[in-house]
Amino acid sequence: MSENGATMAFQPIADTGAGRVYAYEAMLRGPDGANLADVRSSMDAEARVNFDRRCAVGAIKWAMSAGLGTSGARLCIPTYADAVTTPAEHLVPALQAARACGLIPERLIFAIHDYQSVSGPHLAEIVHVYGKLGCLTAFVGLGEGQSGLGVCGRYKPDLVMLEPSLVCGIASSWSRRIILEDLTPRLRSLGLKTVATGVDCDTVLQRLGGFDLHLVKGDAIAKPETASLPVPQLRRAAA
């Protein structure tokens, strides 16, 4: 995707238990390195809806051009809850692009940002409709306060993505290790897969294995690369 100076980069989510790439996360980069949140902050509501749809289509086309189709990995696409006004309609452009590229819906993960900003019924509809159409969903941004844990348990996405600040802090912070020690079994009991983001060094990666967290993303695995699928460092986390 290259539109008004914007580009699409990809970063792997590795499964250290299986020694493979679970998914590649699409990451929009705007002019001067602005991230997705920065780019959309200047848009009105209607423009955000259209921009969200275009980003999903661009992520699929670029990922498939970079070789996703033969990788066996899923594609994780960022989306914002407030942009998904009518879930089935919102998903149509992405599903059409995927079909045209030969990518089945089951290999698409929609990572929902700001999931606590919409009403419970609307969030439930997003998760239900996306699942019915074959796609996976992830809630992004569960952190130290655990404020989203109840929402995750109630509406049951397929995955939950932990805040980088919580994950990267476990190498040096006893309190964050305690939080993670409490949080991970609760997520597991809810049947939710957990992605640890912000894995910035090998020490953090090794500690995550002790929490039975094996889906990981961060610069210690591989840095994002524009328009290509980076080869990760697939070191197994300690059991």
Side-chain angles (χ1 to χ4, degrees), residues 1 6-29 33 35-37 55-79 94 97-98 101-113 135-142 157-168 170-171 184 192-209 211-239:
M1 180 178 180
T7 58
M8 191 71 70
F10 299 94
Q11 187 172 28
I13 298 171
D15 182 340
T16 57
R20 64 181 178 88
V21 176
Y22 175 76
Y24 281 96
E25 183 174 16
M27 307 171 75
L28 183 86
R29 290 290 178 263
N35 62 26
L36 179 58
C55 285
V57 170
I60 290 166
K61 290 182 176 180
W62 272 106
M64 291 299 284
S65 295
L68 182 77
T70 58
S71 72
R74 293 175 171 86
L75 177 62
C76 184
I77 301 170
T79 189
C101 294
L103 185 65
I104 62 174
E106 288 77 9
R107 288 179 63 187
L108 297 177
I109 303 169
F110 285 87
I112 303 171
H113 293 252
C135 304
L136 303 182
T137 52
F139 287 176
V140 178
L142 187 60
D158 298 282
L159 303 102
V160 173
M161 303 180 81
L162 301 179
E163 285 280 9
S165 59
L166 172 60
V167 174
C168 69
I170 66 171
T184 50
L192 302 173
K193 289 185 176 180
T194 305
V195 180
T197 70
V199 182
D200 58 359
C201 66
D202 194 60
T203 302
V204 171
L205 178 62
Q206 295 305 315
R207 284 191 178 273
L208 288 171
F211 297 101
D212 200 25
L213 289 173
H214 301 292
L215 293 180
V216 296
K217 180 177 80 79
D219 287 358
I221 308 301
K223 293 183 179 181
E225 292 184 11
T226 302
S228 66
L229 305 180
V231 178
Q233 298 290 328
L234 290 176
R235 298 177 294 262
R236 288 179 181 268

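Note that the structure is a prediction, hence the values are computed from the model and not measured. Both backbone and side-chain heavy atoms feed into the values below; hydrogens, waters and symmetry mates do not.
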How close do [X] and [Y] get, heavy atom to heavy atom, and via which atoms?
X	Y	value
Ile60	Ala94	CD1-O, 3.3 Å
Ala97	Val57	CB-CG1, 4.0 Å
Met8	Ala26	SD-CB, 3.8 Å
Cys135	Asp158	O-OD2, 4.3 Å
Leu108	Ala98	CD1-CB, 4.2 Å
Gly67	Leu229	C-CD1, 3.8 Å

Could you check whether any side-chain heavy atom of [X] comes within less than 4.5 Å of a side-chain heavy atom of [Y], counting everything from C-beta outward?
X	Y	answer
Arg29	Thr226	no
Pro157	Leu192	yes
Leu166	Leu142	no
Ile112	Pro78	no
Gln11	Asp219	yes
His214	Asp212	yes
Leu68	Phe10	no
His113	Leu36	no

For this session: Would you please test Thr197 and Val140 for side-chain contact (heavy atoms from CB on, under 4.5 Å) and show each step?
Result: CA-CA 10 Å; Thr197 70; Val140 178; over 6 Å; no
[X] side-chain N/O to [Y] backbone N/O, donor-acceptor pair under 3.5 Å:
X	Y	value
Tyr24	Pro230	yes
Thr194	Val160	no
Arg107	Ala73	yes

Seminar exercise, completed: Tested for side-chain contact (heavy atoms from CB on, under 4.5 Å) against Val167, the lone hit among Val195, Val216, Val204 is Val204
Seminar exercise, completed: To the nearest 0.5 Å, atom SG of Cys76 lies from atom CE of Met161 at 4.5 Å
For this session: With rounding to the nearest 0.5 Å, note down the distance linking CG in Leu213 to NZ in Lys193.
Result: 13.0 Å
For this session: List the steps, then state whether side-chain contact (heavy atoms from CB on, under 4.5 Å) holds for Leu215 with Leu159.
Result: CA-CA 10 Å; Leu215 293 180; Leu159 303 102; 4.0 Å; yes
